[in-house]
Number of protein chains: 2
Amino acid sequence: MTFPSPTSALPPVGGVVPASKTDLDVMRCLVCDIRNRSLCNSMDEEGLAALAHSSRQLILPPSTTIIEEGEPALAFFNVTRGTVKLFKSLPDGRRQITGFADAGQFLGLSTAQTYSFGAETVDNVRLCRFMRPQLETLLSDYPTFERSLLAAVTDKLAEAQEQMLLLGRKTAREKVATFLLDRMKAFHLTANRRQEAETLASVPMTRVDIADYLGLTIETVSRTISAFRRDHLIASAENHRIRILSVATLANIASGQKAE
Amino acid sequence: MTFPSPTSALPPVGGVVPASKTDLDVMRCLVCDIRNRSLCNSMDEEGLAALAHSSRQLILPPSTTIIEEGEPALAFFNVTRGTVKLFKSLPDGRRQITGFADAGQFLGLSTAQTYSFGAETVDNVRLCRFMRPQLETLLSDYPTFERSLLAAVTDKLAEAQEQMLLLGRKTAREKVATFLLDRMKAFHLTANRRQEAETLASVPMTRVDIADYLGLTIETVSRTISAFRRDHLIASAENHRIRILSVATLANIASGQKAE
DNA sequence: CCGAGAACTTGATCTACATCAAGGCTGCAT
DNA sequence: ATGCAGCCTTGATGTAGATCAAGTTCTCGG
């Protein structure tokens, strides 16, 4: 699905927040609760005002297209709520999800004229959209922001290398164990309440998405999760949550130890 | 070698070039023949002098460790000649090569205290080494250089995503076809002589390396290359070279078309 | 020019995961 | 509450690529 676009094609204004440039709007970045876990952390008060001025907030329902593969690369996004999936496809429909961007993560960076990947919301998502010229101005005006983006992209590259190791060399069991632990860590960072959420993993995506992320089929993902449940390594929790019962064992499996 | 080497013969293989800060040393970056295909391209004449001053040239034989997984991340490198492999390993020895850095490519960027990956020369390699503090100074002093690095890392991330698609969703046949075409493109960029090198691919790495890069075994790589040769899509050439006989067919295979 | 180890190829067999198939949940629209 | 559509699970079977096992061909030191 592409997101509802009342008038013109480009600013896909499914849910742009009413754009009166009020105090509230200028303050948006200042009061942003996940700021300290994102790029924007590198900004001082003046910079935050510039950020708010340079961006618009989008509120999007699940399964909304944010970026279409091959479209002109016009914007850059920062996720402030929910989870976005990034992917690449082959002509016959095979798809690889290259990553999930949770709150605090950016997406949409490209040096090419067009995006080489697609992006779609997994659940209810809020993001800040920066059009490319504005982003470039910000980078030039705020060196610490640029340094921060460089660091963030460098981290993404390291993540990508880790995922290549998973895709190329891990077994199905190891892949799923790695995924569940990663989702637990992601939940840690996102969740506000500490305690008792310590061993919860947030899994808002479907089996299809998990399979396309791990280079498996949905059946294999399902069977592997069932096996972990049978072995009491995990248990179901409410909603799209999974409780990790044995982090240590799962970590052993994830890292390729033969241990049980 | 292509550019005139003014006075002293090139330093002996296996070590750091004698570090007399002579004109020659200051000029190193100015006369670098692959400069225009690397990060350094963004530098003006003054910047190039600073680059030369901030770096040392290393000349290394094949199978030399450049970066050890888990070691402190002290340096950043720019490859000026030859090919370097980057990889990650599992405790039991399984290995994933995450990329090959040919002349003009950088490696060694990390925001963490330690490297999360290893790097080793494939053939005879020359590289420029920047210690981290010097690199950071350069980034701060030369904004165009920093912007250029940001663009380069962004490109690497796009490459990594492409490789994830390959690892997660392509067949052995598609993987090998993609690899051969990529090596052809890499040779294009690296080779000085044009013409008749148009369809040559440089493959300095072993079957083990290719297998670890594509998430296959050496036997499967060997069989697949043999099949391509049998089908007259490729032919052996001198050294570690492969001639691509049908770029179009190989490209079809690489992109997942069912075409023959 | 020779010999030995490393790198590569090819064949036979095995297996982890894919594919095919059938139900069973779950949530929401009526 | 009921039905249905999307999502998930589980089982039976198939297969691409792994593993096991010989050779064969490079490569390079002496």
Side-chain angles (χ1 to χ4, degrees), chain A residues 1 61-63 85 90 92-96 120 122-124 166-177 179-180 203-231 234-242 253 256 258, chain B residues 13 61-63 85 90 92-96 122-124 166-180 203-231 234-242 253 256 258:
Chain A
M1 176 214 295
S63 297
K85 59 191 178 197
L90 289 170
D92 65 0
R94 278 174 286 169
R95 192 181 64 150
Q96 179 65 40
E120 194 180 310
V122 169
D123 48 10
N124 285 303
L166 177 146
L167 290 169
R169 290 303 183 211
K170 287 189 181 178
T171 65
R173 196 174 153 78
E174 290 161 1
K175 286 176 176 181
V176 174
F179 173 72
L180 291 173
V203 187
M205 60 292 287
T206 66
R207 294 289 183 267
V208 175
D209 286 343
I210 300 173
D212 282 349
Y213 180 56
L214 300 178
L216 298 171
T217 59
I218 56 172
E219 293 94 332
T220 298
V221 170
S222 189
R223 275 187 249 274
T224 308
I225 290 181
S226 296
F228 285 157
R229 200 178 294 127
R230 206 175 309 118
D231 295 346
I234 62 174
S236 305
E238 84 287 2
N239 255 352
H240 284 260
R241 297 280 154 79
I242 290 178
I253 296 169
K258 61 191 56 173
Chain B
V13 166
S63 296
K85 60 190 178 200
L90 289 170
D92 64 0
R94 279 174 287 169
R95 191 182 63 149
Q96 179 65 39
V122 168
D123 48 11
N124 286 303
L166 178 147
L167 290 169
R169 289 304 184 210
K170 287 189 180 178
T171 65
R173 195 175 156 78
E174 291 162 359
K175 286 176 176 181
V176 174
T178 305
F179 173 73
L180 291 174
V203 187
M205 60 291 289
T206 66
R207 293 287 182 268
V208 175
D209 286 345
I210 299 174
D212 282 349
Y213 179 55
L214 300 178
L216 298 170
T217 59
I218 56 172
E219 292 95 332
T220 298
V221 171
S222 188
R223 275 187 248 274
T224 307
I225 289 180
S226 296
F228 285 157
R229 201 178 293 125
R230 207 174 310 119
D231 296 347
I234 62 172
S236 305
E238 84 286 4
N239 256 352
H240 283 261
R241 297 280 153 80
I242 290 178
I253 296 169
K258 62 192 55 174

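Just so you know, these numbers use all the heavy atoms, side chains as well, and skip hydrogens, waters and symmetry mates.
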To the nearest Å, how far apart are I218(B) CD1 and dA18(D) C1'?
-> 11 Å
Which part of the nucleic acid, if any, lies within reach of L216(B) when heavy atoms closer than 4.0 Å are counted: base, sugar-phosphate only, or nothing?
-> sugar-phosphate
Sequence-distant partners of D92(B), side-chain contact (heavy atoms from CB on, under 4.5 Å), two or more places apart = L90(B), R94(B)
Counting primed atoms, P, OP1 and OP2 as sugar-phosphate and everything else as base, the B/S/- map of nucleotides 20-30 of chain D against protein heavy atoms under 4.0 Å is B----------
Without swapping roles, check the side chain of R169(B) against the backbone of L216(A) for a donor-acceptor pair under 3.5 Å.
-> yes
Atom-to-atom span, CZ of R230(A) to C1' of dT9(D) - whole angstrom | 11 Å
Hey, which of these two, S226(A) or R169(A), hits DNA chain D nearer its 5' end, going by closest nucleotide?
-> S226(A)
May I ask you to say what T206(A) touches in the nucleic acid, namely base, sugar-phosphate or nothing, with a heavy-atom cut-off under 4.0 Å?
-> sugar-phosphate
Side-chain N,O (T220(B)) to OP1/OP2 (dG17(D)) below 4.0 Å | no
E174(B) CD to dG17(D) C1', straight-line distance once rounded to whole Å | 14 Å
For T217(A), check side-chain contact (heavy atoms from CB on, under 4.5 Å) against everything at least two apart and list the hits.
-> E219(A), T220(A)
If you measure from CD1 on I242(B) to CZ on R229(B), what distance do you get to the nearest 0.5 Å?
-> 7.0 Å
Distance col, row T206(B):OG1 vs D209(B):CG, nearest 0.5 angstrom, shows 3.5 Å
Nearest 0.5 Å, what's the CG-NZ distance between L214(B) and K170(B)?
-> 10.0 Å
Between C1' of dA18(D) and CZ of R207(B), the distance in whole Å = 18 Å
CD1 of I210(B) to NZ of K175(B), rounded to nearest 0.5 Å, is 13.5 Å
CG-CD distance between L167(B) and Q96(B), expressed to the nearest 0.5 angstrom = 5.0 Å
V221(A) or T217(B): which one's nearest nucleotide on DNA chain D is closer to the 5' end?
-> V221(A)
For F179(A), enumerate each residue passing the ring-ring contact (aromatic ring centres under 6.0 Å, His included) test, keeping only those at least two apart in sequence or located in another chain.
-> Y213(A)
To the nearest 10 degrees, how far apart in direction are the end axes of the helix from dC1(C)-dG30(D) to dT30(C)-dA1(D), each fit to five base pairs?
-> 40°
Look up atom CZ in R230(B) and atom CD1 in I225(B), then write down how far apart they are to the nearest 0.5 Å.
-> 12.0 Å
Specify the closest pair of heavy atoms between R173(B) and I253(B), including all atoms of both residues, with the distance to one decimal.
-> NH2-CD1, 3.5 Å
Using a heavy-atom cut-off of 4.0 Å to chain B, what are the terminal contacting nucleotides of DNA chain C, in 5' to 3' order?
-> dC8(C) to dA12(C)
